[in-house]
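All ligand and atom numbering here is 1-based and tracks the order in the structure. What you are looking at is a predicted structure, and each value in this text was computed from that prediction instead of being measured.
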Amino acid sequence: MNTNRLSYPMQQALIKQMTKEAHAAQIFLSYGCWADGEGYGGIANFLYRHAQEERNHMTKLMRYILDRGGVPTIEAIPAPPQNPQNLTDAFNKIFEHEVDNTTAIYEIVNLSLEEKDWATWNFMQWFVKEQIEEEKLALELIDKLKIAGGDNATDESLFALDKALEEAPDSVSLPQEATADKPS
Ligand code: FEO
């Protein structure tokens with residue numbers, strides 16, 4: 001009897017996404033080491049914490065495949081890209097990475113629609129929502145650096161940015177939570 005409730009293409013797509021999330025963790029870890037080496041301890045701390053979030057995302061996919069009777073094969077994780085040139089480059093690449101990840105998640109949602117696999121469709125909505133937060137978080141990094149002066153930021157403003165990111169929360173509010181009294 002086949003007890004795997006996932007189609008083979010769906011199982012493979014979810015495994016591929018597990019690897020993508022693990023790869024994201026490696027990217028944040030690697031960028032964190034780079035930032036640490038450049039003296040930005042607070043930014044490094046933020047990136048290390050985010051690496052753990054990506055591992056959590058991978059674990060959710062692994063758990064889901066197991067719970068549906070599937071086999072979550074653990075694949076090799078590609079090496080992270082080269083170190084960024086500077087903070088602007090780092091934050092831009094983090095944003096691009098999140099958009100790329102959103103595209104991959106949408107592809108799984110599309111597949112679940114095609115297959116009428118409503119359990120996976122429902123499960124993946126968590127990731128759709130999470131990506132709104134992840135992209136916003138990355139956009140906020142770009143905005144904060146821009147306000148600090150971008151590539152021409154002074155040491156003082158970079159010091160303040162580094163400190164702010166050390167203490168920054170790991171998640172942001174969703175637009176669904178906004179009210180007229182509290183728009184952000
Ligand atoms: Fe797991 Fe940053 O998305």
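Counting only distance, with no hydrogens or angles, the side chain of Gln125 and the backbone of Trp121 share a donor-acceptor pair below 3.5 Å.
Note on ring orientation: taking the six-membered ring where Trp is involved, the planes of Phe123 and Tyr64 are parallel (angle under 30°, cut-offs 30° and 60°).
The distance from atom CG of Asn101 to atom CD1 of Ile27, rounded to the nearest 0.5 Å, is 9.0 Å.
Distance check for Glu130 against atom 1 (Fe) of ligand 1: none of its N/O/S atoms falls below 2.8 Å. Taking 2.8 Å as the threshold, Glu21 does not count as a candidate ligand of atom 2 (Fe) of ligand 1, since none of its N, O or S atoms lies below it. Residue contact annotation: Glu98 places no N/O/S atom under 2.8 Å from atom 1 (Fe) of ligand 1.
Shortest distance from atom 1 (Fe) of ligand 1 to Glu54 is reached at OE1 (N/O/S atoms only). As for His57, its N/O/S atom nearest atom 1 (Fe) of ligand 1 is the one called ND1. Within Glu134, OE1 is the N, O or S atom that lies nearest to atom 2 (Fe) of ligand 1.
Between Glu53 and Arg49 there is no salt bridge, since no side-chain N of the basic residue sits under 4.0 Å from a carboxylate O of the acidic one.
The shortest heavy-atom contact between Gly70 and Gln11 is CA-OE1, 3.4 Å.
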